[in-house]
There are 2 protein chains.
Amino acid sequence: MTELVVKPLTPRAREIVAAARELLEHEGADALTMRRLAERLSIRAPSLYKHLPDKAALEAAVIATGLEDLAAVLEAALIAEAEPLVALAAAYRAFALSHPHLYRLMNDRPLPRDQLPAGLEERAAAPLLRAVENQTCARAVWAFAHGMIMLELAQRFPQGADLDAAWREGVTALQARADYSRQQSKGLD
Amino acid sequence: MTELVVKPLTPRAREIVAAARELLEHEGADALTMRRLAERLSIRAPSLYKHLPDKAALEAAVIATGLEDLAAVLEAALIAEAEPLVALAAAYRAFALSHPHLYRLMNDRPLPRDQLPAGLEERAAAPLLRAVENQTCARAVWAFAHGMIMLELAQRFPQGADLDAAWREGVTALQARADYSRQQSKGLD
DNA sequence: GTCTATAGTGGGATAGAC
DNA sequence: GTCTATCCCACTATAGAC
């Protein structure tokens, strides 16, 4: 019954994960192979398996570091801001665009929830929930932000499109809805 | 100067592209290999290269069929609808969820624009532009829809999350903004 | 239009010695 | 903790015969 869901990494494993994240961020997802990673660490690929069970565990550990960083960035954005949603959107966007390959790894497949520290996913989601106080609104805002980022990273917007304007448009629209639904629920108290 | 940008496919090539799309849709992007495709057609992989120059051309042709279908679906959704944006969102979502692997292939990388029929991308975008009459709004709506779909396909929403509600929230919010900006620009006429 | 043969590259992973 | 040796897999693509 009492099951250790997430095994802590050894110090050496943490070094390997850090190198994996660097490799991913600098050279993209295709470059994140056990061979390339070993090369970066100046060891042989098979040695990696003494520290991490397989590639999935490596990716999960990289994702975990990304979620920690994202959570920290969003928490910081929320401190003493007059317009929390605007600040959150800017911080989320900045994080994604500074770490495009990491962002994709974190978000374009199911989270390896059973290999993540307990509560981490919730911690990353919490700032947005605090800002809009409504799960449904929060999901809509997240989807908008995620869509803007993915379309920008995939170069699907036309050359020269004013993406700042599109962000303002979406955030403004959803902010207004969030304010409205906040008022609605106050009326029920 | 007069350059044929897109070479028309031979009938046999079209059969191959149709088979490729079926393979993609039924078994996912990883299954779309020249070998698997040949196997499905009961020929050998090298034979494919007599009909299509390489895998990139095959993918571009599959993407083109997807864009044609999407454009048709969106055009149909716009006919005689009291709430065009609501209808468009529903049609876009239905298309994406009925063809998840195709949708990803179409949207998570840069479009191979030089291998697509002229005007096709614009044709797929036109219905939304007609519905909101404002490029910036249109981009925000597209991003919202794309984000909802990608997060749903990646199973990033919690089990049991009310996604219909999130769609309504986003579409309502952006509809209101679009109406507002339509009024603003009418004032300037 | 299809074939066989094959080149060239790359991937994840294991066994067992040191 | 690292190594060598190795397995087995898969992929795109080309050459040249039929």
Side-chain angles (χ1 to χ4, degrees), chain A residues 7-64 101-102 104-106 108-112 114-115, chain B residues 7-64 101-102 104-106 108-112 114-115:
Chain A
K7 296 172 194 166
L9 299 179
T10 62
R12 182 55 170 150
R14 257 191 293 274
E15 291 174 11
I16 291 172
V17 170
R21 178 163 158 179
E22 278 179 34
L23 181 58
L24 169 70
E25 297 208 36
H26 291 134
E27 305 191 39
D30 288 351
L32 184 53
T33 71
M34 302 304 271
R35 288 164 137 101
R36 298 284 304 268
L37 175 57
E39 187 183 354
R40 199 181 179 87
L41 289 159
S42 304
I43 61 177
R44 309 291 163 201
S47 306
L48 296 170
Y49 292 86
K50 298 291 184 183
H51 306 285
L52 293 156
D54 52 30
K55 199 190 173 185
L58 174 72
E59 288 181 347
V62 170
I63 288 168
H101 299 295
L102 176 62
R104 284 183 106 119
L105 181 69
M106 289 166 62
D108 77 0
R109 68 205 70 193
L111 276 185
D114 53 349
Q115 297 186 68
Chain B
K7 298 172 193 164
L9 299 178
T10 63
R12 182 54 170 150
R14 256 191 293 276
E15 290 174 12
I16 291 171
V17 170
R21 178 164 158 178
E22 278 179 34
L23 181 57
L24 169 71
E25 297 207 36
H26 290 134
E27 305 191 38
D30 288 352
L32 184 53
T33 72
M34 301 306 269
R35 289 172 173 191
R36 298 284 304 270
L37 175 57
E39 188 184 354
R40 199 180 180 87
L41 289 158
S42 304
I43 61 176
R44 307 292 163 201
S47 306
L48 297 171
Y49 293 86
K50 299 292 184 183
H51 307 284
L52 293 158
D54 52 31
K55 198 189 174 185
L58 174 72
E59 288 180 347
V62 170
I63 289 168
H101 299 295
L102 176 62
R104 285 183 105 120
L105 181 69
M106 290 166 61
D108 77 0
R109 68 203 71 192
L111 275 185
D114 53 348
Q115 298 186 68

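Chain letters run A, B, ... following the sequence lines, proteins first, then strands; residues in each count from 1.
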Does B:Leu48 reach the side chain of B:Leu41, with side-chain heavy atoms less than 4.5 Å apart?
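Answer yes - side chains close enough.
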Answer yes or no: is there a side-chain heavy-atom contact under 4.5 Å between A:Leu58 and A:Met34?
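A:Leu58 vs A:Met34: side chains touch.
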Which is it for B:Lys50 and B:Arg12 under the side chain to side chain contact (heavy atoms under 4.5 Å, CB included) test, yes or no, and what are the steps along the way?
CA-CA 10 Å; B:Lys50 299 292 184 183; B:Arg12 182 54 170 150; over 6 Å; no
Sugar-phosphate atoms are those with a prime plus P, OP1 and OP2; base atoms are the rest. Using that split, label each nucleotide of nucleotides 4-11 of chain C B, S or - for protein heavy atoms under 4.0 Å, 5' to 3'.
BB-----B
Look up atom [atom1] in [X] and atom [atom2] in [Y], then write down how far apart they are to the nearest 0.5 Å.
{"X": "A:Arg44", "Y": "A:Glu39", "atom1": "CZ", "atom2": "CD", "answer": "9.5 Å"}
{"X": "B:Lys55", "Y": "B:Thr33", "atom1": "NZ", "atom2": "OG1", "answer": "6.5 Å"}
{"X": "A:His51", "Y": "A:Ile16", "atom1": "NE2", "atom2": "CD1", "answer": "4.5 Å"}
{"X": "B:Arg21", "Y": "B:Leu102", "atom1": "CZ", "atom2": "CG", "answer": "5.0 Å"}

By nearest heavy atom, map B:Ala56 and A:His51 onto DNA chain D; which one lands nearer the 5' end?
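Result of the comparison: A:His51.
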Qualifying residues under salt bridge (charged side-chain N to carboxylate O under 4.0 Å, His left out), relative to A:Arg104, sequence neighbours excluded
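Per chain and number, A:Arg104 pairs via salt bridge (charged side-chain N to carboxylate O under 4.0 Å, His left out) with no residue.
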Along DNA chain D, first and last positions that approach a heavy atom of chain A under 4.0 Å:
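Both ends considered, the range comes out as D:dG1 to D:dA5.
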How close or far is atom C1' of C:dA13 from atom CG of A:Leu48, stated in whole angstroms?
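After rounding, the gap between these two atoms is 11 Å.
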